[in-house]
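Just passing along the structure, written as C-alpha cells.
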Amino acid sequence: QSQVRLVAEAIAEVSQRIDRRTAEITAKIEQESAETRAMIRFSYAQVERRIQELESNYASLNERVGRLESRTA
C-alpha cells in the first residue's frame, strides 16, 4: 500500500506540473496572439492609408490628364 501511495503521489505531482506548464503555455500563446493581432491591425491601417493616398493621387492625375486632353482637343 505504501508503494501504491508513493506512485499515486508521484502521479499527482506530475499532473500538477503538467497543469502548471499547460497554463503557462496557454498564457504565452494568448499573449503572443494578442500582440500579433495588434501588429496586423496596425499594418492593415498603414496599408489602408497608403491605398487611400494612391487613390487620391490617381484621381488627381486623372483630372489633370482630362484637363490636358481637353486643351489639346
Please determine whether a side-chain nitrogen of the Lys or Arg among R17 and E13 lies less than 4.0 Å from a carboxylate oxygen of the Asp or Glu. yes
Less than 4.5 Å apart, side chain to side chain, heavy atoms only: is that true for Q3 and V7? no
Under 4.5 Å between side-chain heavy atoms, chaining through other members, with only Ile, Leu, Val, Met, Phe, Trp and Tyr counted: pull out the rest of the cluster around L54, sorted by chain and number. none
Kindly write out the residues that satisfy salt bridge (Lys or Arg N to Asp or Glu O under 4.0 Å) with E35, not counting sequence neighbours, or none if the list is empty. none
Side chain to side chain donor-acceptor pair (under 3.5 Å) pairs, two or more places apart, involving residues 19-29: R21-E24
With rounding to the nearest 0.5 Å, note down the distance linking OG in S43 to CD in E48. 13.0 Å
Hydrophobic cluster (4.5 angstrom, side-chain heavy atoms) - remaining members for V65: none
Atom CD1 of I51 and atom CD of Q46: how far apart are they, to the nearest 0.5 Å? 12.0 Å
To the nearest 0.5 Å, how far apart are CD1 in I11 and CG in L6? 11.0 Å
Quick one: which residue pairs count as a side chain to side chain donor-acceptor pair (under 3.5 Å) with a foot in residues 62-73, not counting sequence neighbours? E63-R67
Set of residues satisfying salt bridge (Lys or Arg N to Asp or Glu O under 4.0 Å) with respect to E53, sequence neighbours excluded: R49
Strictly distance-based, threshold 3.5 Å: is any side-chain N or O of S56 a donor or acceptor partner for the main-chain N or O of Q52? no
